[in-house]
S.K.: 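Pasting a structure here, questions to come.
Within every chain, numbering begins at 1; the chains are lettered A, B, ... in the order of the sequence lines, protein sequences first and strands thereafter.
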Amino acid sequence: MRLSRYFLPILKENPREAEIVSHRLMLRAGMIRQQGAGSFSWLPLGKRVLDKVCRIIREEQDRSGALEIMMPTIQSADLWRESGRYDAYGKEMLRIKDRHERDMLYGPTNEEMVTDIFRAYVKSYKDLPLNLYHIQWKFRDEVRPRFGVMRSREFLMKDAYSFDLDYEGAKEAYHRMFVAYLRTFTRMGLQAIPMRADTGPIGGDLSHEFIILAETGESQVYCHRDYLGFEVPGEDVDFGNAAEIAGIVGKWTTPYAATDEMHDEAAWSAIAGDDKVSARGIEVGHIFHFGEKYSKPMNASVTGPDGKEHFVSMGSYGIGPSRLIAAIIEASHDENGIVWPESISPFDVALINMKSGDTECDRVCNELEAALSAAGKDVLYDDTDQRPGAKFATADLIGLPWQLIVSPRGVAAGEVELKNRKTGERENLSIAAAIARLGGIA
RNA sequence: CGGAGUGUAGCGCAGCCUGGUAGCGCACCUGAUUUGGGAUCAGGGGGUCGCGUGUUCGAAUCACGCCACUCCGACCA
């Protein structure tokens, strides 16, 4: 992609309304445009990141056995009356009427609707387990939206819903999602720590929030240092092997880890001083078992091996991709701008032509763009006639992991310069070596 | 929803107290010179001063009402 043909409305100055760093950087890098309180348009650069994040989420959901569906954003109030939540849900739910004066709502979540889908078709335990997920825009009329896309009213959400015959099956489904989440966040370059979350009236121990550590985190969190060294399961993990999956979950839930609300001073003080990690954290995922909360009132049941009807045991598993992007920026930036992990960077390489219009520079840039594109890399080629300083500032701001700098001086020597955004390291390479190096980046 | 604050050009701001032709920087357009860390010079375009009502000869400026946005708190992914 040539920058001269792209839509990248970067801002030199900080917009007044943006306080936290991710909000500021997303606005300055031209990723999003605020349309109102808690309401954002995603511009091309932001949309690319969103797509990359969703792709990883999909791959890991699919790998774990979940199946993607899509459901309407506008739902009938009748469904919500069945579960009792139409009255129970507060003003966060946007309630609307259609032309026939029927009560409708813009979905803040989809347990009722997915349960309705399930009960319409699934009648036997032989069709279980089942896990259906969707990635969709949701709306919650927050009292106080804030922090940019971190806490917006309209937001993208991945929700998976699992259905099982009984608690034991539901627990295995929960474990699979747990492991899928570990893999998902790791692939995005994040260290996410599962922390026991409040299960409320449901009870039990099957509720975890996945927290990433960031200095600007929204809440105080506490965990054992062991977590920072734990290995995340690889691609070869067998989701069909319940014992293996349960073992991984066991390992990841044994050391102490808690958010402020669940913090236990007694257990905490039992940990050796050097092993205590007390930090700020941001919640990027939440998994939750809720049993028959919806299946019972909505009559979602299957016939079991015993010939009797059983209300299915359910769980739900959320990740907010839009919020996650802000969280990643909070965890990965410096004074010059965003520092993207390679797996979700909007482009792989910033190709910077230091002197657009110079025959040799143009020729080398064209060659590099073609070769890297052929190698499957997304290249953002800065072919504008701005001055070097402005180009560097832009490249640093939008945070692509690699900057490939082509200058008259370098080209005369048959070399280009490769800069690592994260470390700032620079290296002069021959053109062929640069292609080989960047083309090989996974 | 309680508390605090801000609305003036695309963005960042001054002007308001003490009413009298709407300004600055960046960005944008034209031309020239520049080219390794957000260039320089010259010229130019762009504003219902958030909205409404009132006071006044006259309102960005004063009064009242409303709206929007931000921050702190309660709440939440």
S.K.: Taking any heavy-atom pair under 4.0 Å as a contact, classify A:Glu142: base, sugar-phosphate, or nothing.
M.R.: base
S.K.: With both distances under 3.5 Å as the test, what is the Watson-Crick or G-U wobble partner of B:G73?
M.R.: B:C1
S.K.: How far does the P atom of B:G37 sit from the matching atom of B:A32, given to the nearest Å?
M.R.: 25 Å
S.K.: A:Gly36 near the nucleic acid: base, sugar-phosphate alone, or nothing, with a heavy-atom cut-off under 4.0 Å?
M.R.: sugar-phosphate
S.K.: Using atom C1' of each nucleotide, how far apart are B:C49 and B:A14 to the nearest Å?
M.R.: 13 Å
S.K.: Mind checking the P distance from B:G50 to B:G15? Whole angstroms is fine.
M.R.: 15 Å
S.K.: Between B:U61 and B:G19, how far apart are the P atoms? Round to whole Å, please.
M.R.: 12 Å
S.K.: Between A:Lys276 and A:Tyr222, is NZ or CZ placed under 6.0 angstrom from the six-membered ring centre and within 45° of the ring axis?
M.R.: no
S.K.: Can you tell me, in whole Å, how much space there is between the C1' of B:G10 and that of B:C29?
M.R.: 14 Å
S.K.: How would you label the contact of A:Arg16 with the nucleic acid (heavy atoms, under 4.0 Å): base, sugar-phosphate, or nothing?
M.R.: sugar-phosphate
S.K.: For A:Trp340 versus A:Leu400, what's the shortest heavy-atom pair and its separation?
M.R.: CD1-N, 4.2 Å
S.K.: 5' to 3' on RNA chain B, which nucleotides open and close the contacts with chain A (atom under 4.0 Å from a heavy atom)?
M.R.: B:C1 to B:A77
S.K.: Could you tell me how far B:C66 sits from B:C75 if I compare only their C1' atoms? Round to whole Å.
M.R.: 27 Å
S.K.: Base, sugar-phosphate, or nothing: which does A:Ile287 touch, judged by heavy atoms less than 4.0 Å apart?
M.R.: nothing
S.K.: Looking across every strand, which nucleic acid part, if any, lies under 4.0 Å from A:Arg28 by heavy atom: base, sugar-phosphate, or nothing?
M.R.: base
S.K.: Salt bridge between A:Arg146 and A:Glu19, side-chain N to carboxylate O under 4.0 Å?
M.R.: no
S.K.: Between B:C62 and B:G7, how far is it from one P atom to the other, in whole Å?
M.R.: 12 Å
S.K.: Classify A:Lys158 by what it touches in the nucleic acid, base, sugar-phosphate, or nothing, heavy-atom distance under 4.0 Å.
M.R.: nothing
S.K.: What contact category does A:Asp385 fall into here, base, sugar-phosphate, or nothing, at under 4.0 angstrom with non-hydrogen atoms?
M.R.: nothing
S.K.: Scan every strand shown for a Watson-Crick or G-U wobble partner of B:G36, both distances under 3.5 Å, and answer none if you come up empty.
M.R.: none
S.K.: Taking C-beta and beyond as the side chain, do A:Asp62 and A:Leu67 meet within less than 4.5 Å on heavy atoms?
M.R.: no
S.K.: On RNA chain B, check which nucleotide each of A:Ala37 and A:Arg151 is closest to and give me the residue with the more 5' one.
M.R.: A:Ala37
S.K.: Would you please name every residue forming a ring pair (Phe, Tyr, Trp, His ring centres under 6.0 Å) with A:Phe40, sequence neighbours left out?
M.R.: A:His23
S.K.: Could you tell me the Watson-Crick or G-U partner of B:C13, where both distances fall under 3.5 Å? Say none if there is no partner.
M.R.: B:G23
S.K.: In Watson-Crick or G-U wobble terms, both distances under 3.5 Å, what is the partner of B:C51?
M.R.: B:G65
S.K.: Nearest nucleotide by nearest heavy atom, which residue falls closer to the 5' end of RNA chain B, A:Lys419 or A:Leu156?
M.R.: A:Lys419
S.K.: Applying a 3.5 Å limit to both distances, which nucleotide forms a Watson-Crick or G-U wobble pair with B:G43?
M.R.: B:C29
S.K.: Do A:Arg2 and A:Tyr381 form a cation-pi contact, if we require the NZ or CZ to be under 6.0 Å from the six-membered ring centre and within 45 degrees of the ring's axis?
M.R.: no
S.K.: Start with the C-alpha gap between A:Tyr133 and A:Arg58, add the side-chain angles, then the distance that decides, and say whether side-chain hydrogen bond (donor to acceptor under 3.5 Å, both in side chains) holds.
M.R.: CA-CA 9 Å; A:Tyr133 77 95; A:Arg58 280 196 174 90; 4.7 Å; no
S.K.: Only counting residues at least two apart or in another chain, list the ones meeting side chain to side chain contact (heavy atoms under 4.5 Å, CB included) with A:Pro297.
M.R.: none
S.K.: Please measure how far the P atom in B:U34 lies from the corresponding atom in B:U70, and state the result in whole Å.
M.R.: 47 Å
S.K.: Looking across every strand, which nucleic acid part, if any, lies under 4.0 Å from A:Glu417 by heavy atom: base, sugar-phosphate, or nothing?
M.R.: base
